[in-house]
Amino acid sequence: MIQFLLFPLLSFVVIPYDFWKKTRDQKGLSIVERIKSYRIKEDKMIAVNEKKNLLSNIFTIIIISALPILPFFHGYFKAYSQTEFYVIEQKQSKNNQLIRKVIIDTYGDFYIVAPLNKDNKSYKPIFSLIPMYDKEKKTVDFLELKYEEIGLLKPQE
C-alpha cells in the first residue's frame, strides 16, 4: 500500500519543494524560465558529480587491485631483511664434529637446513631435510633450536 503513496508523494510534494527551494531567488522570471534555469543547474551539477564519481571509482579500483599484491611485498621485504634465524647444532657421525645448520624454510613436515658459517654470515648452498617428527614411531625427536642474531645471510660462492 505504501508504494502506491510513494509516487504521488514524490511527484506532488518532494520534487516541487526541491524546485521551489532552488529557484525561489528568481522572482521576476516566469515558470518556464525558472524550469530552464533549473535544468541547466541540474545538468552542471550532474556533470561535476560524474567527474567526482569517476575519480573516486578509479581510486577505489586502484586500491582494490593493489591489496592482493601488498602481502607479497611485505613477505619479500621481511625475508630480505631477516637477520635472526633458528640454528640447529648437530654432531657429525664420522668425526664427532659439531656442525651448525641454519633453518632456511620448512617443507611439509621437514625443516630445510643448510650448513652455517657464522663468521662470514653465509651458508653453503647444500640443503638437507630434517624431519620435524618421526612418522613411523609417531614421536617427536626434540631438536634444540636456538634463535640467534646472525645478520643478513648470503650463500657462499
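Between the CG atom in D109 and the CG atom in L129 there is a gap of 11.0 Å [rounded to 0.5 Å]. To the nearest 0.5 angstrom, I58 atom CD1 is 10.0 Å from T60 atom OG1. In this structure, NZ on K154 lies 12.5 Å from CG on N117, to the nearest 0.5 angstrom. Atom NZ of residue K146 and atom CD of residue E84 lie 15.5 Å apart, to the nearest 0.5 angstrom. Within the model, atoms CD of Q82 and CG of L152 stand 9.5 Å from one another, a figure rounded to the nearest 0.5 Å. In this structure, OH on Y76 lies 10.5 Å from OG on S81, to the nearest 0.5 angstrom.
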Problem - side chain to side chain contact (heavy atoms under 4.5 Å, CB included) assessment of V87 paired with L116 - result: CA-CA 8 Å; V87 176; L116 173 66; 4.0 Å; yes
Exercise for the section: Run the numbers on I88 and E144 for side chain to side chain contact (heavy atoms under 4.5 Å, CB included), then give the verdict. Expected result: CA-CA 6 Å; I88 299 173; E144 188 173 324; over 6 Å; no
Practice task
List the steps and the verdict of side chain to side chain contact (heavy atoms under 4.5 Å, CB included) for T83 and E149.
Solution key: CA-CA 6 Å; T83 58; E149 172 74 31; 3.3 Å; yes
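Using a 4.0 Å cut-off between charged side-chain N and carboxylate O, R100 and E148 make a salt bridge.
Linking Ile, Leu, Val, Met, Phe, Trp and Tyr whenever their side-chain heavy atoms come within less than 4.5 Å leaves I99 and F85 in two separate clusters. A continuous path of Ile, Leu, Val, Met, Phe, Trp and Tyr side chains, each step under 4.5 Å between heavy atoms, connects I112 with V102, placing both in one hydrophobic cluster. When hydrophobic clusters are built by joining Ile, Leu, Val, Met, Phe, Trp and Tyr residues whose side-chain heavy atoms come closer than 4.5 Å, directly or via intermediates, L145 is grouped together with M132. Hydrophobic clustering, with ILVMFWY side chains joined whenever heavy atoms are under 4.5 angstrom apart, keeps L67 apart from I69. The cluster map of Ile, Leu, Val, Met, Phe, Trp and Tyr, joined by side-chain heavy atoms under 4.5 Å apart, puts Y111 and Y147 in the same cluster.
Within a 6.0 Å sphere centred on NZ of K118, other residues, nucleotides and ligands contribute more than 12 heavy atoms. For OH of Y86, the number of neighbouring non-hydrogen atoms (other residues, nucleotides, ligands) closer than 6.0 Å is 12 at most.
Shown here for P155 and S122, the closest heavy-atom pair between the two residues is C-CB, 4.5 Å.
The aromatic rings of F127 and Y123 sit tilted relative to each other, their planes meeting at an angle between 30° and 60°.
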